[in-house]
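Remarks on the structure that follows.
All values below were derived from every heavy atom in this structure, side-chain atoms included, with hydrogens, water molecules and symmetry-related copies excluded. So that the names make sense, note that chain A is the first sequence line, chain B the second, and so on, each numbered from 1.
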There are 2 protein chains.
Amino acid sequence: MKKYIDILKRTTMFCGISQNDIDAMTTCLNTSFKDFKKGEYIFRQGEYIDHFCVLISGSVHIQSDDYWGNRSIISEVRVAEMFGESYAVSGSSAVMIDAVATSDSTVAFFNVKKLMTVCPHACGFHNAVIQNLLIALTHKNQSLMQKLTHISKRTTREKLISYLSNQAKLFGSNSFSIPFNRQQLADFLSVDRSAMSNELCKMRDDGLIIFDRNNFTLL
Amino acid sequence: MKKYIDILKRTTMFCGISQNDIDAMTTCLNTSFKDFKKGEYIFRQGEYIDHFCVLISGSVHIQSDDYWGNRSIISEVRVAEMFGESYAVSGSSAVMIDAVATSDSTVAFFNVKKLMTVCPHACGFHNAVIQNLLIALTHKNQSLMQKLTHISKRTTREKLISYLSNQAKLFGSNSFSIPFNRQQLADFLSVDRSAMSNELCKMRDDGLIIFDRNNFTLL
DNA sequence: ATAAGTCTGTTGTTTTTACAACAAAAGGGA
DNA sequence: TCCCTTTTGTTGTAAAAACAACAGACTTAT
């Protein structure tokens with residue numbers, strides 16, 4: 001538990017909460033920690049969950065495979081970020097996406113009902129955490145909308161420009177690395193990998209970008 | 001004010017709040033109401049807002065026009081639904097979408113700072129509303145993800161099937177009407193209108209659906 | 001070090017979409 | 001009612017993407 005505190009302190013949901021209160025919270029919310037090997041699922045489409053998750057280490061993809069096996073990567077979860085909360089809070093609806101570890105990972109699980117109901121120990125920080133959760137959710141909403149603006153673009157080149165320039169902005173530099181390989185980037189932008197690879201090279205030939213593996217520079 | 005109470009009672013954010021408390025809330029949160037003509041903007045990309053909005057009557061589209069004038073309709077707001085809250089809560093970031101009235105509408109504005117800070121009158125319902133807001137946001141998140149699954153589909157036909165079958169599910173019947181005309185549906189699904197219109201007719205010829213204007217039936 | 005597996009780039013073909021232009025149908029005032 | 005505007009359907013062409021197949025580079029494990 002102790003070794004996870006440093007990560008939890010960095011999360012939006014525990015922003016402004018003292019280390020002691022975070023400690024109290026983890027017992028109050030029945031917090032558990034679990035390790036996942038690369039490729040293992042944290043939860044799957046169709047399941048019902050009543051805990052929300054925070055990524056302690058590793059990396060996780062939120063994705064969805066359709067009937068024909070086409071994969072769509074909805075978002076990439078980074079360390080200290082939360083996931084699964086939408087389904088945990090409204091616990092009555094089945095999860096419609098998969099959460100899969102893309103590298104060996106550790107995940108913290110928090111009981112959302114215990115958070116939302118009045119604490120018998122009258123923990124004063126419940127409300128603070130709920131407010132933080134609210135803020136975290138608005139950020140999530142914004143990044144979902146951001147993603148929508150990327151894949152709403154009509155051509156692969158426009159999608160790439162939209163995504164890459166957004167990454168540059170987030171990274172604060174025109175040189176940055178992305179958390180996807182080519183197949184994953186294609187699944188994220190909802191395009192064909194080889195066509196996208198082809199388009200990336202054309203953009204390089206046109207003098208728009210340079211890249212090497214996951215490292216990109218916008219020119 | 002009185003005439004709006006019936007709508008406010010139906011919103012997720014005031015779910016379980018008594019009418020008297022809603023009354024108190026509207027004064028406590030500096031609530032204002034404003035009318036918009038069809039085509040008028042409630043807010044625009046680039047603005048900063050510190051109030052979140054609830055649609056009292058009419059209809060509103062959340063949309064984004066890019067540099068080249070391509071319109072993307074992100075979502076359709078219905079009466080009693082909330083919008084703009086993501087930007088109001090994290091008030092420091094500029095709005096990156098437009099909210100436009102698609103018919104004559106009335107909108108309620110709530111001051112989000114007053115909601116989030118401790119009320120000098122110690123309104124007991126602040127926390128209840130914040131919890132409701134949390135739930136509303138998770139629903140919103142889910143519908144954004146739902147929309148992502150639609151437009152992640154590769155072909156226009158798949159996008160239409162994904163959207164229409166979801167509408168049928170929401171409506172609880174294989175006959176339903178949609179809140180978009182053809183151009184709006186195309187902007188929502190990020191495809192070309194004429195190509196989509198063409199595909200709809202092919203689907204009808206293939207015996208998948210029948211339709212008349214906005215009324216659809218899945219076969 | 002080597003072999004097996006993965007990732008990336010490349011090419012040609014087929015399918016699909018975007019675009020443009022127009023006709024028909026529906027709706028809204030004067 | 002008639003005219004004007006908006007909406008929807010239709011068609012042909014050009015552009016783009018999906019798909020399939022493969023070669024070379026890079027990783028990883030033994």
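Remark: A:Arg78 CZ is loosely packed, at most 12 non-hydrogen atoms of other residues, nucleotides or ligands lying under 6.0 Å away.
Regarding contacts with the backbone of C:dT16, every side-chain N or O of B:Arg154 stays at 4.0 angstrom or more from both OP1 and OP2. Taking side-chain N and O atoms only, A:Arg182 has a distance below 4.0 Å to OP1 or OP2 of C:dG9. Neither OP1 nor OP2 of C:dT8 sits under 4.0 Å from any side-chain N or O of A:Ser197.
Distance from the side chain of B:Thr155 is smallest for C:dT17 among the nucleotides C:dT17, D:dA16, C:dA21. You'll find that the side chain of A:Asn214 is closest to C:dT8, out of C:dT17, C:dG9, C:dT8. In this structure, of D:dA20, C:dT8, D:dG9, it is D:dA20 that holds the atom nearest to the side chain of A:Ser194. For B:Asn198, taking side-chain heavy atoms from C-beta onward, the closest of the listed nucleotides D:dT11, D:dG9, C:dT8 is D:dT11.
One finds a salt bridge joining B:Asp206 and B:Arg157 here, because a Lys/Arg side-chain nitrogen approaches an Asp/Glu carboxylate oxygen to under 4.0 Å. A salt bridge is absent between B:Asp98 and B:Arg44; no separation between the charged side-chain nitrogens and carboxylate oxygens falls under 4.0 Å. Between B:Glu85 and B:Lys140 there is a salt bridge, since a side-chain N of the basic residue sits under 4.0 Å from a carboxylate O of the acidic one. Using a cutoff of 4.0 Å between basic side-chain nitrogens and carboxylate oxygens, A:Asp187 and A:Arg182 are not scored as salt-bridged.
At the heavy-atom level, A:Phe180 lies nowhere under 4.0 Å from the strands shown. Among the protein residues, B:Thr156 comes within range of the sugar-phosphate backbone only, with heavy atoms under 4.0 Å from sugar or phosphate atoms but none that close to a base. Among the heavy atoms of the strands lying under 4.0 Å from A:Asn181 are primed sugar atoms or P, OP1, OP2 only; no base atom is included.
Nucleotide D:dT10 holds its C1' atom 14 Å from the CE atom of B:Met196, rounded to whole Å. We find that CZ of B:Arg157 is positioned 15 Å from P of C:dT15, with the value rounded to whole Å. Remark: P of C:dG9 and CE of A:Met203 are 13 Å apart, rounded to the nearest angstrom. Atom NZ in A:Lys153 sits about 16 Å away from atom C1' in C:dA18, given to the nearest Å.
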Salt bridge (charged side-chain N to carboxylate O under 4.0 Å, His left out) between B:Asp212 and B:Arg204, intermediate numbers included:
CA-CA 11 Å; B:Asp212 174 58; B:Arg204 183 188 52 201; over 6 Å; no
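The residue among B:Arg204 and A:Arg213 whose nearest nucleotide of DNA chain D is located toward the 5' end is B:Arg204.
The overall bend of the helix from C:dA1-D:dT30 to C:dA30-D:dT1, read as the angle between its terminal helix axes built from five base pairs each, is 50° when rounded to 10 degrees.
Note: A:Phe176 and A:Phe216 have parallel aromatic rings, judged against thresholds of 30 and 60 degrees for the angle between ring planes.
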